[in-house]
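Below, read A as the first sequence line, B as the second, and so on, with proteins coming before strands; counting in each chain starts at 1.
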Protein chains: 2
Amino acid sequence: MTEVLFVLLEEYADWEAASIAAELNQLEGFTVKTVSNEKQAIHSMGGFSTLPDYTFVEACQKEFAALVLIGGKSWRSDKAKEVDALVEKAKQQGAVIAAICDATVYLGSIGLLNDQKHTSNQLQDLQDYAGANYTGANQYVEVQAIRVDNLITANGTGHLEFAKEILLALQVKPEKEIEQWYNFYKLGYYEAIKQELRNAGTDHID
Amino acid sequence: MTEVLFVLLEEYADWEAASIAAELNQLEGFTVKTVSNEKQAIHSMGGFSTLPDYTFVEACQKEFAALVLIGGKSWRSDKAKEVDALVEKAKQQGAVIAAICDATVYLGSIGLLNDQKHTSNQLQDLQDYAGANYTGANQYVEVQAIRVDNLITANGTGHLEFAKEILLALQVKPEKEIEQWYNFYKLGYYEAIKQELRNAGTDHID
């Protein structure tokens, strides 16, 4: 079973984790594990009490295919420093590293956004917080989400684009099916069907 | 503090709860409470272990503004029958009753979808499961989400439309701001800004 680790700090952003966790955990061969500073319940922005599966120390002993850093209100606190070793472990393993919203600012602050194209909520804010450790402004792109090699970043409204890039990076199913999954949730059931029909019509004409 | 109760059964659908929970729980004066059969941890489709705040029995003793029934894989099990009393309590209180995805099928099965316009994932499936207790087919509409008086229903891809209707029903802020919130997450940051600018331009011309 391939494990995907979701890093959740206190006051994590529910919506940034929800779509990708549900899709991944329902796929044959994949399982989602939540990771935090301690084993006691943490609380989402939405008021949900979540019991982490692993502490960061435990997670460092695991093999995993992706490390997903979920945004929220604690990425600028001391608690975030405890994630450093797990990110290092992910790099050593060649795991996908995916960060959304304020978790991207954390990645910038530990020098991981200097060499590849990436995004965040706002460049100026990223620069202000990450300081001298961030020298990647020339690689910053204003998009919902972007994936370059094993690095995925997204802004806080890009939860579905973030999910799509993670599914693509992990090659969980054919690209066309991932695109259909994305459209289903992005456009909604009725609009997605209409688009499918339009595309089928275009294919036919071609 | 106005409480909004989220009913979560085993294997609940993370994404159907996430956006609306986070928005509501961050609003001044509102707090989200999770409710399930027992106090022990339940598990989302995404593999998150969630500790409920209340059991259904406890929740029946509370005052609440809305009862939000989150879809998932247990609404056709015996566990769902334990929700009946809480739905009855919500009706007595005049609370908003909001159901998404398979939770709408549950509402149909207890006779709550017969008098007002509503939606679900699929009419035929709703009819098949709800049986004789459902006589509302002539009120069924094929939309992402719909609100009539205190009843809100949505299909499983309509999590943001579902959220918008709950925010509107609870009148948490001016309608225009709720629409902006919806566009921000539906369209994403960059597209939402473009739309705002277009609308501002149109306003100016008018």
Side-chain angles (χ1 to χ4, degrees), chain A residues 3-4 6 8 11-26 30-34 40-53 72-73 101 119 121-122 142-145 154-161 163 181 183-193, chain B residues 3-4 6 8 11-26 30-34 40-53 72-73 101 119 121-122 142-145 154-161 163 181 183-193:
Chain A
E3 294 200 353
V4 176
F6 278 58
L8 307 176
E11 289 196 274
Y12 72 87
D14 314 62
W15 73 93
E16 295 171 0
S19 297
I20 181 60
E23 179 62 12
L24 271 179
N25 200 52
Q26 295 293 309
F30 286 89
T31 185
V32 165
K33 297 292 179 186
T34 52
Q40 70 195 38
I42 47 170
H43 306 92
S44 72
M45 287 174 64
F48 281 38
S49 299
T50 306
L51 280 177
D53 295 309
K73 297 186 164 185
C101 202
T119 195
N121 287 336
Q122 212 233 351
E142 293 190 335
V143 290
Q144 288 291 92
N155 76 57
T157 67
H159 66 287
L160 285 171
E161 291 79 11
W181 173 88
N183 283 335
F184 191 63
Y185 288 99
K186 183 70 179 183
L187 303 174
Y189 180 66
Y190 299 104
E191 284 303 314
I193 287 175
Chain B
E3 293 200 353
V4 176
F6 278 59
L8 307 177
E11 289 195 274
Y12 72 88
D14 313 62
W15 72 93
E16 295 171 359
S19 297
I20 181 60
E23 179 61 11
L24 272 178
N25 199 53
Q26 295 294 309
F30 286 88
T31 184
V32 165
K33 298 291 179 186
T34 54
Q40 70 194 39
I42 48 172
H43 307 91
S44 73
M45 287 174 65
F48 281 38
S49 299
T50 306
L51 280 178
D53 296 309
K73 297 187 164 185
C101 201
T119 196
N121 286 337
Q122 213 232 352
E142 293 189 334
V143 290
Q144 288 292 91
N155 77 55
T157 67
H159 67 285
L160 285 172
E161 291 80 10
W181 174 88
N183 283 335
F184 191 63
Y185 289 100
K186 184 71 179 182
L187 303 174
Y189 180 65
Y190 299 104
E191 284 303 313
I193 287 175

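- When heavy atoms are compared at a cutoff of 4.5 Å, L24(A) does not approach chain B at all.
- Contacts of K33(A) with chain B are absent, with no heavy-atom separation under 4.5 Å from either backbone or side chain.
- For the pair Q26(B) (side chain) and M45(A) (backbone), a donor-acceptor distance under 3.5 Å is present.
- With F48(B) as the partner, the side chain to side chain contact (heavy atoms under 4.5 Å, CB included) test is satisfied by one option alone out of D14(A), D53(A), T34(A): T34(A).
- Contact count versus chain B (heavy atoms, under 4.5 Å) is highest, among N155(A), L51(A), V32(A), for L51(A).
- Within the 4.5 angstrom heavy-atom criterion, no atom of I20(A) approaches chain B.
- The choice from V143(B), T31(B), L160(B) that makes the most heavy-atom pairs within less than 4.5 Å of chain A is V143(B).
- Qualifying side-chain hydrogen bond (donor to acceptor under 3.5 Å, both in side chains) partners for N25(A), counting only residues two or more places apart in sequence or in other chains: none.
- If you measure heavy-atom distances from Y12(A) to chain B, the contacts under 4.5 Å come from the side chain alone.
- Legend: residues meeting side chain to side chain contact (heavy atoms under 4.5 Å, CB included) with I193(B), ordered by chain and number and at least two apart, are Y189(B), L197(B).
- Neither the backbone nor the side chain of E23(B) comes within contact range of chain A; no heavy atoms are under 4.5 Å apart.
- Interface check for chain B: of the options A17(A), P52(A), G47(A), A192(A), the most heavy-atom pairs under 4.5 Å are formed by G47(A).
- Side-chain atoms of Q144(A) and T157(A), non-hydrogen and from C-beta on, do get closer than 4.5 Å to each other.
- Salt bridge K186(B)/E191(B): absent, no basic N to carboxylate O contact under 4.0 Å.
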